[in-house]
Amino acid sequence: MDGVRPVAPAGDVADIARSAAGPSRGRPSFGELLEEAIASVDRLQREGEAAQAAFARGEEVDLHDVLLKVEEAEIAFKTMMEIRNKLVEAYREIMRMGA
């Protein structure tokens with residue numbers, strides 16, 4: 001047993017576990033980042049829908065701006081769905097490794 005030493009003192013392991021379990025000071029957690037991203041996509045979709053509705057009502061809106069807002073919302077939604085798919089895929093892979 002002379003050559004066997006602990007890899008890290010108990011205090012260091014606890015600190016690592018604590019930092020992995022909770023958000024670091026001043027930095028948002030993964031959940032908060034995810035909520036913010038979803039809210040951003042939702043906001044873009046609402047803006048696109050509002051621009052379409054204003055155009056359909058005959059208000060003076062630039063068609064170019066309407067199309068840009070709709071396309072921006074569509075790209076943001078598709079990007080969010082791809083990220084979701086990658087997260088689900090990563091989760092499934094982690095579950096397979098544990099089984």
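A quick note: this is a predicted structure, and the numbers were derived from the prediction, not measured.
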Inset, instruction - Provide the full list of salt bridge (charged side-chain N to carboxylate O under 4.0 Å, His left out) pairs with a residue in residues 66-77, sequence neighbours left out, each pair given once. - result: Glu74-Lys78
Inset, instruction - Just jot down the side chain to side chain contact (heavy atoms under 4.5 Å, CB included) partners of Ile38, sequence neighbours excluded, or say none. - result: Leu34, Met80
Inset, instruction - Would you check if the side chain of Ser40 reaches a backbone N or O of Glu36 as a donor-acceptor pair within less than 3.5 Å? - result: no
Legend entry - Spatial distance of atom CD (Glu47) from atom CG (Asp42) [nearest 0.5 Å]: 10.0 Å
Inset, instruction - Would you check if Asn85 and Glu82 make a side-chain contact, meaning some heavy-atom pair closer than 4.5 Å? - result: yes
Inset, instruction - Using side chain to side chain contact (heavy atoms under 4.5 Å, CB included) as the criterion, list what pairs up with Asp62, not counting sequence neighbours. - result: His64, Asp65
Inset, instruction - Indicate the atoms forming the closest heavy-atom contact of Ala76 with Val41, along with that distance. - result: O-CG2, 3.8 Å
Inset, instruction - Consider only side-chain heavy atoms of I, L, V, M, F, W and Y, link residues closer than 4.5 Å, and tell whether Leu44 and Ile83 are in one cluster. - result: no
Inset, instruction - Please step through side chain to side chain contact (heavy atoms under 4.5 Å, CB included) for the pair Phe55 and Leu67, ending with a clear verdict. - result: CA-CA 10 Å; Phe55 183 76; Leu67 293 175; over 6 Å; no
Inset, instruction - Any chance you could pull the hydrophobic cluster mates of Leu68, using side-chain heavy atoms under 4.5 angstrom and chaining through other members? - result: none
Inset, instruction - Would you mind listing the cluster partners of Leu33? Hydrophobic ones only (ILVMFWY), side-chain contacts under 4.5 Å, chaining allowed. - result: none
Inset, instruction - Please assess Arg84 against Met81 for the test side chain to side chain contact (heavy atoms under 4.5 Å, CB included), listing each intermediate value before the final yes or no. - result: CA-CA 5 Å; Arg84 174 218 169 256; Met81 291 306 297; 3.7 Å; yes
Inset, instruction - Taking atom CZ of Arg96 as the centre, report whether more than 12 heavy atoms of other residues, nucleotides or ligands fall under 6.0 Å from it. - result: yes
Legend entry - Hydrophobic cluster (4.5 angstrom, side-chain heavy atoms) - remaining members for Tyr91: Ile94, Met95, Met97
